[in-house]
Amino acid sequence: MMNPIMSACLTLFLTLGGAAMAQDKTPLSAQDSTPEALGWMQGFPPAADKAIRFTDPDYFAFPKLRWTVCHFREMMPTVAVRNGNGGVSDLPVDLDAGLDAVEFTPLGGGDPMTWDAAFDANYTDGILVLHKGRIVYERYDGCLNDDTLHGAMSVTKSLTGLMAEVLVAEGKLDETALLGDIIPQLEQSAFGDATVRQVLEMTTALDYSEDYSDPEAEVWTYAEAGSPLPKPEGYDGPRSYFEYLQTVQKDGEHGEAFGYKTVNSDAAGWLIARTTGVSAADYLSNRIWSKIGAEREAFYTVDSIGTPFAGGGFNATLRDMARFGQLVLQEGEWDGEQIIPAEAIARIRQGGDTDAFAKAGYDLLDGWSYRGMWWLSHDDHGAFAARGVHGQTVWVDPTAEMVIVRFASNPVAGNAANDPTSLPAYRAVADYLMAQERSAQLVGREWYIEDIAGKGVIDNSPANLLFMPDGRLAGNAGCNRLIASYTQDGDALAIDQAGTTMMACPEALMNQERSLLDFLSMVESYSMDETGALVLTTSNGATITARRR
């Protein structure tokens, strides 16, 4: 039976991309398992059978995990990642109504699925798509909203890896150096004769198992060491991440095969601290989080001596994770300033040893590699990702100039459970956004009206149109919201039942609104001109011209 320390530390090792949690039965659906639907932790105090405690053996098991992923700070000690005092950076919002209808075929075949359907299929808590720095899609569910901090799980590893790559790029950390030479306390451990590069690519040969079904696996000792809870009477094992890393023994030769083991990330966290003189949490704040206009302070969970969990303890808001992803996409540049060296990200994008990676047996990731604690797809877009259990993702597609960030609470921990309905979906969205850039479609982002029947529009008027896939038309007629329906057949277009809200407006805007409604009711066709503008043509030959920003 799992002892209290082991059960309380489940979060620490459910950070592995290949791990899976067994399910005794078909799990509740995404909608039926939300914290609100099940009543978790509601009321003051919550009902006894609806309370969730850190010491509960199932506090991080489905469906409780759908509440827990947003509430780690209430359950265990943490350390802040400060967001600075420079103000919040703007993420322009330009939502694309066509994204929900984007279709893809899941890996392994089957019926096509839409982006909209994949949201619930993956038990998504929140997902955000940035295209060229604009938010084109943002959606929340479960325990999450735009102001909530969510556990990033093993996405944390990629933050750790990037910080280490920054130090390598700046010449402060030698990738060929042995860990035992940098951290003497590790000299007698398996890490002693491993290079910095081998740790960052997880090609270390460690006598260490993360098989949760084996009560004798080393992961349980690791868990006890990292637990902030008091140790049981008679316990004489390691009491911190630092102490545990010194006990790891070697098994084989470093550099031969990829092996995804969380202790490598904690070793990298120690390297960062030893090289910089500050913790990984403070270094992340100093170099990145305080520089990108993050909306909220982030945090790490910590062990009993306050060491940040560099392998899986990071928590942040969805939008702030999107800012981080955009920084990576922009090769370390933010608001005209080079925050971190572009070389650090270029090194990650080179990828690791694909042959060494293949030995790990990730069937769904054929041809991938691992470097700087990031996952490299080596596809024709050069896409790469930070990944964590239960569906956490930062997906960076340089060719599409796109970042997708997802927080989730999938019942199954391993990414193999959601990759079939995630990886092809990310590519389908990228292809859709690129196609919209090449040849804009009617459905998608808002069209801002530039001219109505040759009379222009009032300066700074917010008049716009948003065509949605289900035949609805929304927008702004001037100072009132516009609502209508439309039918489309090839280039033929008919707009019906157009109306507006009834807010009083200045006379000039009211006249513009009446004119717009009149002409919309007469629209017969649409086209795109050579400049990419949308031209709506009416039955009497008048036109309405609009453009995307």
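The structure presented is a predicted model; accordingly, all values stated were derived computationally and were not measured.
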Should the pair [X]-[Y] be classified as a salt bridge under the 4.0 Å nitrogen-to-oxygen rule?
X      : Y      : answer
Lys261 : Asp266 : no
Arg427 : Asp379 : yes
Glu295 : Arg323 : yes
Arg66  : Asp125 : yes
Asp146 : Arg319 : yes
Glu74  : Arg53  : no

Is it the case that the side chains of [Y] and [X] hold a donor-acceptor pair, with the cut-off being a distance below 3.5 Å and no angle test?
X      : Y      : value
Asn83  : Ser290 : no
Gln350 : Arg371 : yes
Ser422 : Asp419 : no
Asn122 : Thr124 : no

Any idea how Trp375 and Phe357 line up, ring-wise: parallel (<30°), tilted (30 to 60°), or perpendicular (>60°)?
->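 Judged by the thresholds at 30° and 60°, the geometry between Trp375 and Phe357 is perpendicular.
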Please name the pair of heavy atoms, one in [X] and one in [Y], separated by the smallest distance, quoted to 0.1 Å.
X      : Y      : value
Asp49  : Trp40  : O-CZ3, 3.7 Å
Asn410 : His390 : O-ND1, 2.6 Å
Glu256 : Lys359 : O-NZ, 3.1 Å
Pro27  : Tyr123 : CG-OH, 3.9 Å
Val196 : Leu173 : CG1-CD2, 4.0 Å
Thr262 : Glu210 : N-OE2, 3.2 Å

Verdict with supporting geometry, Phe72 and Phe60, ring-ring contact (aromatic ring centres under 6.0 Å, His included) | CA-CA 10 Å; Phe72 286 123; Phe60 198 64; 5.8 Å; yes
With sequence neighbours excluded, give me every disulfide bond (SG atoms under 2.5 Å apart) pair touching residues 49-86.
->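 Qualifying pairs: Cys70-Cys143.
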Minimum side-chain heavy-atom gap Phe191-Val248 below 4.5 Å |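 The answer is yes; the side chains approach within 4.5 Å.
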Flag side-chain contact, heavy atom, 4.5 Å: Ile52 against Trp67 |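 Counting from C-beta outward, Ile52 and Trp67 do come under 4.5 Å.
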[X] and [Y] aromatic centres sub-6.0 Å:
X      : Y      : value
Phe384 : Trp368 : no
Phe119 : Tyr137 : no
Phe258 : Tyr370 : yes
Trp270 : Phe242 : yes

Results of side chain to side chain donor-acceptor pair (under 3.5 Å) for Asp366 - residues two or more places apart only =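 Testing Asp366 for side chain to side chain donor-acceptor pair (under 3.5 Å), a comparison that skips the adjacent residues, returns none.
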Which residue, Leu329, Leu162, Val403, forms the side chain to side chain contact (heavy atoms under 4.5 Å, CB included) with Phe324?
->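 Among Leu329, Leu162, Val403, the one that satisfies the side chain to side chain contact (heavy atoms under 4.5 Å, CB included) with Phe324 is Leu162.
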Side chain to side chain contact (heavy atoms under 4.5 Å, CB included), paired with Trp395, selected from Val129, Leu423, Val429 =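 The option that passes is Leu423.
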Pair Asp193-Lys250, salt bridge (charged side-chain N to carboxylate O under 4.0 Å, His left out): steps then yes or no | CA-CA 9 Å; Asp193 64 345; Lys250 191 175 179 182; 2.7 Å; yes
Residues 278-286, side-chain donor-acceptor partners within the protein, below 3.5 Å, at least two apart:
residue, atom, partner, partner atom, Å
Ser279, OG, Ala281, N, 3.4
Ser279, OG, Asp282, N, 3.1
Asp282, OD1, Arg82, NH1, 3.1
Tyr283, OH, Arg287, NH1, 3.1
Ser285, OG, Arg82, N, 3.4
Ser285, OG, Arg82, O, 2.9
Asn286, OD1, Arg82, NH2, 3.4
Asn286, ND2, Asp282, O, 3.1

